[in-house]
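What follows is a set of notes on a single structure, which appears directly below.
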Number of protein chains: 2
Amino acid sequence: MIDEKTAVSTRTRILDISRDLFGSQGYGSTSIAQIAEKLGTSKAALYYHFKSKEEILDALLNEPFEAMKDFRDSCTKPGVSAEDILGGLIDAMAGPASCLAAFETDPSVLQEWADRHDLHKEWDKLVSCLAGPRPTQGKIISARAAMAAAKQGTKTALELNDGKLTKNARAEILAAALRTLG
Amino acid sequence: MIDEKTAVSTRTRILDISRDLFGSQGYGSTSIAQIAEKLGTSKAALYYHFKSKEEILDALLNEPFEAMKDFRDSCTKPGVSAEDILGGLIDAMAGPASCLAAFETDPSVLQEWADRHDLHKEWDKLVSCLAGPRPTQGKIISARAAMAAAKQGTKTALELNDGKLTKNARAEILAAALRTLG
DNA sequence: GTCTATAAGGGGATAGAC
DNA sequence: GTCTATCCCCTTATAGAC
């Protein structure tokens, strides 16, 4: 009989360690050997839980990506304001999609995962929600700038507060991002 | 007698090709073999011009980094406005420091180059210029958000206009970034 | 579930001929 | 300046014992 509890918790530990290392060193520059070392086992043991390095990346990003797509869907409904969109973006970046935000600038992740999942297209849909129908170039620029402001603001706030997004900081970020939009 | 003209132009071609590949695939995921292939020579030939892969990265980033530091110095002078800083940032991102902007999100570059050169500290100095003395957390957040808005806005404008920053786009980006700051 | 050992391949870099 | 051939290390991944 398989020890399910151990399997699950080891799997979770692998994901935690990998999230950490991928985030700080990048996906491509992190080796299975490094993960195994932090895990305290051999590389082969790790391959019992994940059949490839890419599968670890998938496991780390699939949930955040689904959360992000759900959010994107909610933004296309009628009566959604810019405040809803940018506020939702902040909350996503601080919570369910934080891993996505941390990894998506890594070229090795872009190559191995983001291209395959059309991440770029998903972000573009959000830009369209903010810029409105038949947007001018100026609208597109300020929409993208506002999203960048929200993302960077959230990242900064999390850094300054041990990974916690305070109500105050959230309000500051949202206000700044809304100003960006104009 | 060494053929200096050929040496120089080959060196330049290597840098152009590397800038391209590093930008699209990331530094760590780009191999010397790939560069040599696009160059149309062997790997060994490439090593005649650069003694290591890291030296190529250095050659690509040193000038942009100096330009960025010069700009940062100019921002600490008295009487410099937020408009000067954000406008200068846009111009730097669109011109002399564009390579820096394109590479600095790559974790493999951060590890091999940015840490060694304290890039993070340099950006922080700019943040301080924008946030003012003894800044509140809100000031820091909006300063960082404004810089992110300027960077992303510039990137977007360049994408939409074949790498050219039009006067109009520059004005739009600057206005958006200034609004972000509040 | 975890181990040791090893396969199979790619990476950066060098030697020495031309 | 460029070539072929090669070295050596590190990487992902697997085989098979325990």
Side-chain angles (χ1 to χ4, degrees), chain A residues 1-22 24-61 103 106-113 116, chain B residues 1-22 24-61 103 106-113 116:
Chain A
M1 179 173 172
I2 298 173
D3 185 343
E4 274 189 42
K5 283 231 182 90
T6 303
V8 167
S9 90
T10 301
R11 190 188 153 90
T12 304
R13 282 186 58 225
I14 293 171
L15 290 177
D16 288 342
I17 292 166
S18 301
R19 189 165 28 232
D20 229 53
L21 289 173
F22 291 174
S24 59
Q25 307 181 340
Y27 170 75
S29 307
T30 301
S31 70
I32 295 289
Q34 275 178 302
I35 300 171
E37 190 186 9
K38 286 218 171 196
L39 187 64
T41 70
S42 65
K43 289 182 288 171
L46 202 157
Y47 275 99
Y48 172 82
H49 300 277
F50 293 92
K51 77 169 206 298
S52 72
K53 185 182 171 186
E54 201 170 352
E55 200 180 270
I56 300 178
L57 185 64
D58 282 345
L60 284 174
L61 290 179
F103 289 7
D106 180 343
S108 56
V109 171
L110 289 178
Q111 217 173 2
E112 301 259 346
W113 189 90
R116 199 157 30 93
Chain B
M1 179 174 171
I2 298 174
D3 185 341
E4 274 189 43
K5 281 230 183 93
T6 303
V8 168
S9 90
T10 300
R11 191 187 153 90
T12 304
R13 282 186 58 226
I14 292 171
L15 290 176
D16 288 341
I17 292 166
S18 301
R19 188 164 31 232
D20 230 53
L21 290 174
F22 291 173
S24 59
Q25 306 181 340
Y27 171 73
S29 307
T30 300
S31 69
I32 295 288
Q34 275 179 302
I35 301 171
E37 190 185 11
K38 285 219 172 195
L39 186 64
T41 70
S42 65
K43 288 187 290 173
L46 202 158
Y47 275 99
Y48 173 81
H49 299 278
F50 292 91
K51 79 170 203 297
S52 72
K53 187 182 170 185
E54 202 170 353
E55 200 179 271
I56 299 178
L57 185 64
D58 282 345
L60 284 175
L61 289 179
F103 288 8
D106 180 344
S108 55
V109 171
L110 289 179
Q111 218 172 2
E112 302 258 347
W113 189 91
R116 200 159 28 95

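Convention: sequence-line order gives letters A, B, ...; per-chain numbering from 1.
Protein atom CZ of B:F50 is 18 Å distant from nucleotide atom C1' of C:dT14, rounded to whole Å. One interatomic measurement links the two molecules: CD of B:E112 to C1' of C:dG11, which rounds to 13 Å at whole-angstrom precision. When rounded to the nearest whole Å, the span between CD1 of B:I35 and P of C:dG11 equals 11 Å.
Scanning for side chain to side chain donor-acceptor pair (under 3.5 Å) contacts around A:S108 gives A:D106, with sequence neighbours left out. Residues forming a side-chain contact (heavy atoms from CB on, under 4.5 Å) with B:E55 (at least two apart in sequence, or on another chain): B:F50, B:K51, B:S52. Residues forming a side-chain contact (heavy atoms from CB on, under 4.5 Å) with B:D58 (at least two apart in sequence, or on another chain): B:N62, B:W113, B:R116, B:H117. Scored by the ring-ring contact (aromatic ring centres under 6.0 Å, His included) test, A:F22 finds A:Y27 as partners (sequence neighbours excluded).
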Which side-chain N or O atoms in residues 33-47 of chain B pair as donor and acceptor under 3.5 Å with protein atoms at least two apart or in another chain?
unit_1: B:Q34; atom_1: OE1; unit_2: B:S31; atom_2: N; d: 3.1
unit_1: B:Q34; atom_1: NE2; unit_2: B:Q25; atom_2: OE1; d: 3.3
unit_1: B:S42; atom_1: OG; unit_2: B:A45; atom_2: N; d: 3.3

Quick tally for nucleotides 4-18 of chain D: nucleotides whose base has a protein heavy atom under 4.0 Å get B, sugar-phosphate-only ones S, the rest -, giving B------SBBBB---

